[in-house]
Amino acid sequence: MDLEKHPAAAPVPAPAELRASDADRDRIAQILGDALAEGRLTAEEHSDRLDTLYAVKTVGELELLVRDLPAPGGVHASPAYASPATGPAETIVAVCSSSARKGRWRPGPHTRAVSVMGDINIDLTEAVFEQQVTEINVTCVLGNVEVLVPENVTLRGYGSGVLGNFEVRGEGRGETDPQAPVVIVRGFALLGNIEARPKVGARLVDLARKLRKRLEG
């Protein structure tokens, strides 16, 4: 008879107690984006839940944010933006150089920007958004990264700087269009500068009208 004491095995956490992954947050963000596009959430409710999304830590806490919303693939109206297939994040790198994304380009759900003693300009004012939520992750060391968005896009920022600057201007603007995309900028600046802001005079609605007129003409 084995009288030796053995430490009790650690209990396996229930799914709700698991730490949330990036994929878990992306899934919940897409459900929230669809609900905003369908009118199930107001712009203010969507903004509040999105803030909570990046603050909570477990899968269970994430699920509470969408418990009153239909699951993906359920019977509900089609969202304003389709859900693209998950793919690798686009990476923009500037090392002792400069790099830019601008004009009529199609940003994916995730874009990674790395600046080391370089300059990066990410201009979304004429971009074609194919998803409701677009996330840009920035690492800046002794460099400069600027992100420009249309005036009526919801812009959110989560980041910090060490002997540097992380600044997101225009967060929570009352005039943002509830049907417009949400751009989330997350970053860290070390002896560098990260700035995200709306570009005055650039609006997604205006660009859509110009495109329609061009096609009709």
Side-chain angles (χ1 to χ4, degrees), residues 22-23 25-34 36-37 43 46-47 50 53-54 72 78-95 97-115 118-140 143-159 166-171 173 176-189 193-212 214:
D22 289 342
R25 297 185 196 278
D26 291 344
R27 177 175 59 85
I28 298 301
Q30 185 61 53
I31 295 175
L32 294 176
D34 290 350
L36 173 65
H46 178 262
S47 177
L50 203 61
L53 171 70
Y54 289 95
S78 297
Y81 296 87
S83 301
T86 302
E90 177 183 5
T91 301
I92 305 171
V93 179
V95 179
S97 61
S98 62
S99 185
R101 292 290 187 278
K102 58 184 178 181
R104 300 292 291 180
W105 65 295
R106 299 175 184 271
H110 299 278
T111 297
R112 183 181 299 111
V114 179
S115 170
D119 295 321
I120 294 178
N121 175 253
I122 301 175
D123 189 340
L124 298 168
T125 56
E126 295 185 21
V128 178
F129 293 89
E130 296 182 329
Q131 61 279 329
Q132 182 71 25
V133 179
T134 298
E135 183 170 325
I136 301 173
N137 289 275
V138 182
T139 301
C140 181
N144 181 69
V145 178
E146 181 183 45
V147 180
L148 298 175
V149 303
E151 283 187 315
N152 55 331
V153 162
T154 299
L155 181 61
R156 316 297 295 173
Y158 306 90
F166 177 88
E167 182 179 7
V168 175
R169 288 187 274 167
E171 287 187 282
R173 293 165 61 95
T176 55
D177 184 348
Q179 299 298 326
V182 177
V183 175
I184 299 169
V185 179
R186 306 175 73 181
F188 174 74
N193 177 64
I194 300 172
E195 181 182 355
R197 60 182 174 83
K199 184 176 180 179
V200 177
R203 295 179 62 85
L204 282 181
V205 173
D206 296 338
L207 291 169
R209 287 174 181 169
K210 290 178 182 178
L211 181 60
R212 281 198 300 270
R214 190 179 308 164

Exercise for review: Would you give the length of the straight line joining atom CG of Leu32 to atom CG of Leu53, rounded to the nearest 0.5 angstrom?
Suggested key: 6.5 Å
Practice item. Check side-chain contact (heavy atoms from CB on, under 4.5 Å) between Asn137 and all other residues, then give those that pass, not counting sequence neighbours. Key: Glu135, Arg186
Review point. Which heavy atom in Ala127 sits nearest to a heavy atom in Pro107, and how many Å separate them?
Key: CB-CD, 3.7 Å
Check your understanding: Is a side-chain N or O of Arg104 found less than 3.5 angstrom from the main chain of Val128, in a donor-acceptor match?
Key -> no
Practice item. Report the C-alpha distance between Val185 and Phe166 in whole Å, list the side-chain angles of each, state the deciding distance to 0.1 Å, and finish with yes or no for side-chain contact (heavy atoms from CB on, under 4.5 Å). Key: CA-CA 10 Å; Val185 179; Phe166 177 88; 4.3 Å; yes
Practice item. Answer yes or no: is there a side-chain heavy-atom contact under 4.5 Å between Trp105 and Leu124? Key: yes
Review point. Hey, mind stepping through Arg197 and Glu146 against salt bridge (Lys or Arg N to Asp or Glu O under 4.0 Å) and telling me if it holds?
Key: CA-CA 8 Å; Arg197 60 182 174 83; Glu146 181 183 45; 3.0 Å; yes
Review point. Between Val153 and Thr134, does a side-chain contact (heavy atoms from CB on, under 4.5 Å) hold up when you go through it step by step?
Key: CA-CA 11 Å; Val153 162; Thr134 298; over 6 Å; no
Check your understanding: Got a second to check how far Leu50's CG is from Tyr158's OH, nearest 0.5 Å?
Key -> 5.0 Å
Check your understanding: Say you draw a straight line from OG1 of Thr111 to CD1 of Ile122; how long is it, rounded to the nearest 0.5 Å?
Key -> 6.5 Å
**Study point:** Distance (rounded to the nearest 0.5 Å) between Leu148 CG and Arg101 CZ
**Key:** 15.0 Å
Point to revise | Nearest non-hydrogen partners of Gly143 and Ser115, listed with the distance | key: CA-OG, 3.6 Å
Check your understanding: Ser98: what forms a side-chain contact (heavy atoms from CB on, under 4.5 Å) with it, not counting sequence neighbours?
Key -> Asp119
Check your understanding: Does the side chain of Val183 come within less than 4.5 Å of Phe129's, by heavy atoms?
Key -> yes
Check your understanding: How far apart are the closest heavy atoms of Gly108 and Gln131, and which atoms are they?
Key -> O-NE2, 3.4 Å
Study note, to complete from the structure: Rounded to the nearest 0.5 Å, the CG atom of Asn144 sits from the CG atom of Asn193 at a distance of 4.5 Å
Point to revise | Close side-chain approach of Arg156 and Val168, heavy atoms under 4.5 Å | key: no
